[in-house]
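Along the sequence shown, the residues carry numbers beginning at 1. Numbering of ligands and ligand atoms starts at 1, following listing order.
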Amino acid sequence: MSSADATVKLEKNEHIKEESKNLRGTLAAELDDQSTGNISADAAQLSKFHGMYVQDDRDLRGERRKKLLEKAFSFMLRVRLPGGVCTPQQYLAIDGLSTDYGNQTIRLTTRQTFQLHGLLKGNLRSVVRGMDAVLLDSIGACGDINRNVMCQPDFKKTHAHAKVYEIAKGISLHLLPKGRAYHEIFIDGEKVSGEAEEEPIYGTTYLPRKFKIGVAIPPTNDVDVFSQDLGFIAIFDGDKLLGFNVTVGGGLGTTHGNDKTYPRVADVMGFCSVDQVNAVAEAVVLSQRDHGSRTDRKNARLKYTIDRMGLDAFKAEVEKRTGFPLDAAKEFTFDRIEDDYGWNQDVSGDWYYVQFIQSGRIVDKDGVNLRTAFREIAKIHEGDIRLTPSQNLAFCGVSEAKKTEIQAILDANNVPGPAKLSGLRRNALACPALPTCGLALSESERFIPELLDQLETVLDEAGLTDDQISIRMTGCPNGCARPYLAEIGLIGKAPGKYNLYLGAAYEGTRLNTLYKESIKSEEIVPAVEPHLKSYAKERQDGERFGDYCVRTGIVSPPSKYTVGQD
Ligand code: SRM
Ligand code: SF4
């Protein structure tokens, strides 16, 4: 449905986009308005396209209401960092911006990038200029547009990864908006032009909804390729990259009580060569641009477009736009998602070090000075830094001599290595939720450490401490930590209450199923404990916990939403 159809009632956001002069709106003037820390609702929608969200500290709401003060407004800024790769210099810039303007933490996201929280409106331009000085930006990190392109961060630095990473970066560049609004508003400070410019891919109304792309290198599916609107699965013959299987229609966000919303794993639509990747990405984006719903944002993601059109019709639409047919999909197997924690060697003999970071929060806390350690390491590190889809960070390309120095810095700052991490903690994700997220219904990042401690006691008793089991928690059903693809999924329902899901495939090919609704936080461990204990005794050779829950009928697998090769 196009926004030009005058007979339908378009979503309000469609008008905001269309009238914004390519994402300018009143943003520049509102940044200069010192009378409030907030911006207008319309400007808030546009700021997302520039990678920024207005938030308020929800812990302070009651107190400020009593004092008749406006909410404690601040901004979250999300960096565009395709594939999660940055230089030590870029890392130090982000760290410095958090010190100067943020809440003294850096948040690594489930899409391999940095978020800064607590930025005051009046400082946003300084933050963007600070990023620009090290060639970083936040263009299209949020909003109805293509988001940060994910790519498996092969720490081993194989020839294969180098190629695939360049392709992921290329897709991100290809799908960037062409307008200069971001530069005008936040960097140049030039008078904002009255003229909208040509936006060949997005037009004036951009996409109906957010759009996400991930690139996976089998056998690792840490990018959760089946959760992406558009996925590319690299297919190799030995070291030769043949091309990519193309997946479409993944997406996880739902709304409690709205049956028209559901999580969906992507369909495998076909195969394309390396040279065809950008054309396929553009054709899928354009097909969604023109066929996605502009009248119901709750049903506007690509997954709903495909379910409405049917996969065959959608594929035909894509092929009409590329002008070439997709080949038949090729065989692939996924069997791992966990990061390669600790010290290991890459193909050239250099070292890499992957640090487990609880919920991606880089902070100095409780005597563990993670943020200080990373800053000190970044000052001496000569390789690159890679963020992982599991909210962790790796220092790659480390020489033998630097390895000793880096380990000394980690030790001096009490940063623990992976030796004592349980298999469950290694595979735990949690979204930020309270106090920054305006949509959170319950705690997530602040609650998961306590829950993991309790579950680890059960795992110790059952002899499962070292078994890889995935657990993911979110403060609401939007699914930011991809909980619908976890063997144990917990989704906030209300303060202190969660829906418990079981039975996803560990490697991300099957969604989980609702097992218990709206249970209290203290009921989670008792609900899972008997199944973990019986799993320890009754599992078949190599059987994963999620598969066990399905085989033994603890939950039935969701029939419709399991990956199938078409
Ligand atoms: Fe998300 C909205 C945080 C990955 C689905 N997400 C939000 C907002 C911006 C809340 C808001 O709109 O006001 C959250 C900001 C919280 C905060 O204080 O930082 C937020 N999402 C995150 C991050 C930071 C979670 C994390 O633990 O790292 C992730 C940032 C990724 C990035 O770097 O771009 C994040 N969000 C995801 C994912 C996972 C993924 O993309 O791999 C999903 C599920 C996959 C999907 O999109 O289907 C996800 N976020 C959503 C949704 C639901 C979308 C939907 O289709 O219904 C929303 C709400 C919305 O869009 O209306 C949302
Ligand atoms: Fe906020 Fe919900 Fe996303 Fe968590 S899942 S960050 S609570 S929108």
Side-chain angles (χ1 to χ4, degrees), residues 13 44-45 47-48 51-58 74-82 84 103 105 107-118 138 140-150 208-214 222-229 231 249-256 258 260-266 292 297-304 357-361 387-392 428-446 448 472-485 490-493 508:
N13 287 49
Q45 292 305 323
S47 74
K48 296 184 189 181
M52 298 159 213
Y53 279 80
V54 63
Q55 304 185 316
D56 74 285
D57 186 334
R58 295 181 60 183
S74 66
F75 283 74
M76 174 271 273
L77 179 141
R78 191 180 284 164
V79 179
R80 183 179 68 89
L81 197 68
N103 68 353
T105 77
R107 179 58 158 67
L108 307 185
T109 76
T110 51
R111 296 190 68 77
Q112 298 177 278
T113 190
F114 300 108
Q115 274 187 189
L116 294 174
H117 286 98
S138 57
C142 322
D144 297 344
I145 200 161
N146 178 50
R147 303 291 188 90
N148 200 41
V149 176
M150 295 175 72
R209 204 65 166 82
K210 55 175 63 166
F211 191 90
K212 299 183 173 180
I213 300 179
D222 52 359
V223 302
D224 262 327
V225 73
F226 300 109
S227 73
Q228 313 280 340
D229 293 271
L252 301 180
T254 72
T255 302
H256 288 311
N258 181 344
K260 286 197 310 189
T261 66
Y262 47 84
R264 184 185 193 278
V265 283
R297 283 182 72 75
K298 292 263 180 226
N299 248 251
R301 292 291 294 271
L302 178 64
K303 59 183 173 179
Y304 303 117
I357 304 172
Q358 185 93 61
S359 306
R361 185 72 66 177
L387 311 189
T388 83
S390 306
Q391 305 171 317
N392 298 312
L429 301 182
C431 75
L434 293 160
T436 51
C437 180
L439 306 179
L441 304 170
S442 66
E443 295 283 354
S444 180
E445 184 182 321
R446 295 196 294 199
I448 200 164
R472 298 175 181 180
M473 166 175 274
T474 56
C476 87
N478 283 321
C480 297
R482 301 187 287 270
Y484 303 95
L485 284 166
L490 288 152
I491 292 175
K493 188 79 198 290

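Using a 4.0 Å cut-off to heavy atoms of Gly475, the atoms of ligand 2 that qualify are 4 (Fe), 7 (S). Using a 4.0 Å cut-off to heavy atoms of Cys437, the atoms of ligand 2 that qualify are 1 (Fe), 6 (S), 7 (S), 8 (S). Taking a cut-off of under 4.0 Å to the non-hydrogen atoms of Ala440, the atoms of ligand 2 that pass are 7 (S). For ligand 2, the atoms closer than 4.0 angstrom to any heavy atom of Gly479 are 5 (S). The atoms of ligand 1 that sit less than 4.0 Å from any heavy atom of Gly479 are 38 (C), 43 (C), 44 (C). In summary, the atoms of ligand 1 found under 4.0 Å from a heavy atom of Gln391, numbered by their order in the structure, are 26 (C), 27 (O), 28 (O). Close contacts of ligand 1 with Thr436, meaning ligand atoms under 4.0 Å from a residue heavy atom, involve 17 (C), 18 (O). Shown in contact with Thr474 at under 4.0 Å from a heavy atom are these atoms of ligand 2, numbered in order with element: 5 (S).
Of all heavy-atom pairs spanning Leu81 and Asn148, the tightest one is N-OD1, 2.7 Å. The nearest pair of heavy atoms linking Tyr304 to Lys298 is CE1-O, 3.4 Å. Nearest heavy atoms, Met52 versus Ser47: O-OG, 2.9 Å. Taking each heavy atom of Asn103 and Arg361 in turn, the nearest pair found is ND2-NH1, 4.3 Å. The minimum heavy-atom distance between Pro483 and Leu490, with the atom names listed, is CB-O, 4.3 Å. Pairing each heavy atom of Arg80 with each of Ala141, the nearest pair is N-CB, 4.4 Å.
At a threshold of 4.5 Å between non-hydrogen side-chain atoms, the residues Lys212 and Arg301 count as touching. Looking at Arg147 and Arg78, their side chains come closer than 4.5 Å, going by heavy atoms from C-beta outward. Considering only heavy atoms from C-beta on, Ser359 stays 4.5 Å or farther from Met473 through its side chain. Looking only at side-chain heavy atoms (C-beta outward), Pro389 and Arg482 come within less than 4.5 Å of each other. Looking at Thr436 and Arg107, their side chains never come closer than 4.5 Å, going by heavy atoms from C-beta outward. Between Thr109 and Phe114 there is no side-chain heavy-atom pair separated by less than 4.5 Å.
Contact annotation: for Arg297 versus ligand 1, there are no heavy atoms closer than 4.0 Å. Looking at His117 against ligand 1, only its side chain comes within 4.0 Å, counting heavy atoms. Contacts between Thr113 and ligand 1, counted as non-hydrogen atom pairs separated by less than 4.0 Å, involve the side chain only. Of the heavy atoms in Gln115, only side-chain atoms (C-beta onward) come closer than 4.0 Å to ligand 1.
Residue Cys437 holds the heavy atom nearest to atom 10 (C) of ligand 1 of all those in Gly251, Ala430, Cys437, Ala300. In this comparison of Arg107, Arg361, Arg78, the heavy atom closest to atom 3 (C) of ligand 1 sits on Arg78. Of the listed residues (Arg111, Gln55, Arg147), the one carrying the non-hydrogen atom nearest atom 31 (C) of ligand 1 is Arg111. The residue from Lys212, Met76, Arg301 that puts a heavy atom closest to atom 55 (C) of ligand 1 is Arg301.
Checked against a 3.5 angstrom limit, the closest N/O atoms of Tyr53 and ligand 1 fall outside it. For a threshold of 3.5 Å applied to N or O pairs, the pair formed by Gln112 and ligand 1 contains no separation below that value. At least one N/O-N/O distance between Leu252 and ligand 1 falls below 3.5 Å. Residue contacts with ligand 1: Arg482 is placed with a nitrogen or oxygen under 3.5 Å of a nitrogen or oxygen of the ligand (distance criterion only). For ligand 1, the polar-atom distance check against Lys210 finds a nitrogen or oxygen pair separated by under 3.5 Å. Residue Thr110 places at least one N or O, backbone or side chain, under 3.5 Å from an N or O of ligand 1.
Among all non-hydrogen protein atoms, the one lying nearest atom 53 (C) of ligand 1 is Asn478 OD1, 3.3 Å. Atom 57 (O) of ligand 1 has Gly253 CA, 3.5 Å as its closest protein atom, hydrogens excluded (heavy atom only). Nearest protein neighbour of atom 60 (C) of ligand 1, counting heavy atoms only, is Arg209 NH2, 3.4 Å. Considering only non-hydrogen protein atoms, atom 4 (Fe) of ligand 2 sits nearest to Cys431 SG, 2.3 Å. Nearest protein neighbour of atom 11 (C) of ligand 1, counting heavy atoms only, is Leu439 CD1, 3.6 Å. The shortest contact between atom 33 (O) of ligand 1 and any protein heavy atom is with Thr109 OG1, 2.6 Å.
Put simply, part of Pro432 is less than 4.0 Å from ligand 2, judged by heavy atoms. Every heavy atom of Gly438 sits 4.0 Å or more from the atoms of ligand 1.
With rounding to the nearest 0.5 angstrom, the CD atom of Glu445 is 13.0 Å from the OG1 atom of Thr474. Once rounded to the nearest 0.5 Å, the distance linking CG of Leu434 with CG of Leu439 reads 10.5 Å.
In summary, Cys480 places an N/O/S atom under 2.8 Å from atom 3 (Fe) of ligand 2, meeting the contact criterion. Residue Cys476: an N/O/S atom is found under 2.8 Å from atom 2 (Fe) of ligand 2. For residue Cys480, an N/O/S atom approaches atom 1 (Fe) of ligand 1 to within less than 2.8 Å.
Under the 3.5 Å distance criterion, the side-chain polar atoms of Asn478 are left unmatched by any main-chain donor or acceptor of Cys476.
When each of Leu485, Leu252, Val265 is tested with Asp224 by the rule side chain to side chain contact (heavy atoms under 4.5 Å, CB included), just one qualifies, namely Leu485.
Using a cutoff of 4.0 Å between basic side-chain nitrogens and carboxylate oxygens, Lys210 and Asp229 are not scored as salt-bridged.
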